[in-house]
Amino acid sequence: MKKKRIALFGGAFNPPHNGHAAVVRALESLDSIDEIWLMPSANRWDKSISVSGPDRLHMIDLLIGDLRLGSNKHVRPFDHEIRKPNLSTTFETKAELEKLYPYHEFHFVFGSDVLPDIAPKWVHGKELFDTANFIFVERPGYVLPEGFALPPHAILLPLPHKDTLSSTHVRDIANDPDKLAACVSPSVAEFILKKDFYARTSASIEKKKPALKQQA
C-alpha cells in the first residue's frame, strides 16, 4: 500500500498569520505531498506560550477557512502536541506519529535557518538528519553556510513572496485593528480582538524561561 505523504507544519501559531498561509500555499504546489497538517506546539523548552492550544488550533481552522487553503490538497489543523501532558522533541514526535499512523509518511516542515543546528544540537539530531523526511522553507535573508549539504531526505522550498511577517510582529500590533487586518485573515482578527489575547499587560506577554539545553 502506498503511504499517504503528509507535510507536517509545526509551530507556535501564536497567532497564525498570512505568512503561515504563504507557506501552506507553497506546500500545496508540491506533487510529492498529499496532505498538509498544521500542528500547534505545546509550551516550548524556553518559552511559555500565552494563548492556549485549543484557541490556537481554532485560529488555524479559521485561517484555513477564510483563505480557502486546501484548494488542491487537504489542509487541516492537527492537535497531537497540545494533547500531550509533557513537552516533546522532534525525534519523539516522529517516533510517535510513525507508530500511530503506519500508513502515513511524515515530512517535517521547518525554516531553512534551523538546518545547521539539527545534527549538532537537537536531541538525536544526527539520526534525525540522516533518516527524517524534511521540507525546508527558504528563510528570507538567510543564506546557508557555504558547502552545507541538505539532509539525504530533504528538499528546499522557495517562497514566491519574500514575506518576513512574524507572529511576534502580529502580537505587537494586535491592538490596532487596521494593522492587524493586514497580517491575519478576517475571522482570526475578529477572534483575537474579541478575546483580547495580546493586550499589553505583563500577564499576556510570553514568559521566557531560563535557558535550557537545546531540545528541538
Side-chain angles (χ1 to χ4, degrees), residues 2-41 49 51 53 55-82 90 93 97 101 104-115 132-144 150-151 153-174 178-192 197:
K2 183 180 178 182
K3 290 188 175 184
K4 186 178 290 187
R5 299 160 300 180
I6 310 297
L8 188 65
F9 182 12
F13 295 105
N14 188 30
H17 53 66
N18 295 341
H20 295 127
V23 172
V24 172
R25 289 197 171 103
L27 291 168
E28 285 188 280
S29 72
L30 295 175
D31 292 335
S32 58
I33 292 300
D34 299 311
E35 297 188 6
I36 302 162
W37 297 4
L38 280 67
M39 181 175 68
S41 60
I49 300 174
V51 174
D55 280 332
R56 287 180 286 127
L57 198 75
H58 180 60
M59 286 192 283
I60 290 171
D61 206 25
L62 294 174
L63 183 79
I64 291 170
D66 278 353
L67 301 183
R68 298 186 179 181
L69 302 177
S71 57
N72 66 341
K73 295 188 195 300
H74 181 60
V75 179
R76 57 163 287 196
F78 182 49
D79 65 352
H80 177 76
E81 288 204 339
I82 63 172
T90 301
T93 297
L97 295 181
Y101 301 92
H104 289 34
E105 179 182 279
F106 289 93
H107 296 248
F108 290 83
V109 180
F110 292 105
S112 58
D113 53 320
V114 308
L115 259 166
N133 300 303
F134 290 109
I135 301 170
F136 293 104
V137 179
E138 286 188 344
R139 202 61 102 180
Y142 177 78
V143 179
L144 285 170
L150 289 174
H153 310 289
I155 63 170
L156 191 61
L157 180 65
L159 287 179
H161 305 290
K162 305 303 182 184
D163 196 343
T164 58
L165 183 62
S166 70
S167 292
T168 300
H169 172 72
V170 178
R171 292 194 298 271
D172 287 343
I173 56 86
D178 291 334
K179 290 182 179 179
L180 183 63
C183 298
V184 302
S185 73
S187 296
V188 173
E190 182 180 358
F191 191 66
I192 288 171
F197 283 139

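Keep in mind it's a predicted model, so treat the numbers as computed, not measured.
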At their closest point, which heavy atom of [X] faces which heavy atom of [Y], and how far apart are they?
X: Ala12; Y: Arg56; answer: O-NH1, 2.8 Å
X: Pro16; Y: Val188; answer: O-CG1, 3.9 Å
X: Pro158; Y: Ala26; answer: O-CB, 4.3 Å
X: Phe9; Y: Val109; answer: CA-CB, 3.9 Å
X: Pro77; Y: Asp61; answer: CG-OD1, 3.9 Å
X: Arg171; Y: Asn14; answer: NH1-O, 2.6 Å

Answer whether the closest heavy-atom distance between the side chains of [X] and [Y] falls below 4.5 Å.
X: Val51; Y: Pro15; answer: no
X: Leu115; Y: Leu144; answer: yes
X: Pro40; Y: Met59; answer: no

Return the [atom1] to [atom2] distance between [X] and [Y], rounded to the nearest 0.5 Å.
X: Thr168; Y: Ile173; atom1: OG1; atom2: CD1; answer: 11.5 Å
X: Leu97; Y: Glu81; atom1: CG; atom2: CD; answer: 8.5 Å
X: Leu62; Y: Ser187; atom1: CG; atom2: OG; answer: 5.0 Å
X: Leu38; Y: Asp79; atom1: CG; atom2: CG; answer: 12.5 Å
X: Leu150; Y: Leu156; atom1: CG; atom2: CG; answer: 6.0 Å
X: Leu180; Y: Ile192; atom1: CG; atom2: CD1; answer: 5.0 Å

Carefully, step by step, assess Val184 and Leu63 under the rule side chain to side chain contact (heavy atoms under 4.5 Å, CB included).
CA-CA 8 Å; Val184 302; Leu63 183 79; 5.7 Å; no
If you apply the rule side chain to side chain contact (heavy atoms under 4.5 Å, CB included), what do you find for Leu67 with Asn18, and how did you get there?
CA-CA 9 Å; Leu67 301 183; Asn18 295 341; 4.0 Å; yes
Using a cut-off of 6.0 Å, state whether more than 12 heavy atoms not belonging to Glu190 lie near its atom CD.
no
Centroid separation Phe197 to Phe191 less than 6.0 Å:
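Ring-ring flag for Phe197/Phe191: true, centres closer than 6.0 Å.
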Show the numbers, then the answer: is there a side chain to side chain contact (heavy atoms under 4.5 Å, CB included) between His80 and Leu8?
CA-CA 11 Å; His80 177 76; Leu8 188 65; over 6 Å; no
Please verify the inter-ring angle class for Phe108 with Phe110; under 30° counts as parallel, over 60° as perpendicular, anything in between as tilted.
parallel
Parallel, tilted or perpendicular: which one describes the rings of Phe78 and Trp37, with boundaries at 30° and 60°?
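Taking Trp37 first and then Phe78, their aromatic rings sit tilted (interplane angle of 30° to 60°).
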Do Ser112 side-chain atoms and Phe136 backbone N/O form a donor-acceptor pair below 3.5 Å?
no
Leu30 and Ile135: CA distance, side-chain angles, deciding distance, side chain to side chain contact (heavy atoms under 4.5 Å, CB included) verdict:
CA-CA 10 Å; Leu30 295 175; Ile135 301 170; 4.0 Å; yes
Does anything in residues 15-39 form a salt bridge (charged side-chain N to carboxylate O under 4.0 Å, His left out)? List the pairs, not counting sequence neighbours.
Lys4-Glu35, Arg5-Asp34
By the definition side-chain contact (heavy atoms from CB on, under 4.5 Å), identify the one residue from His104, His107, Arg76 that meets it with Ile6.
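Checked His104, His107, Arg76 against Ile6; only one passes side-chain contact (heavy atoms from CB on, under 4.5 Å): His104.
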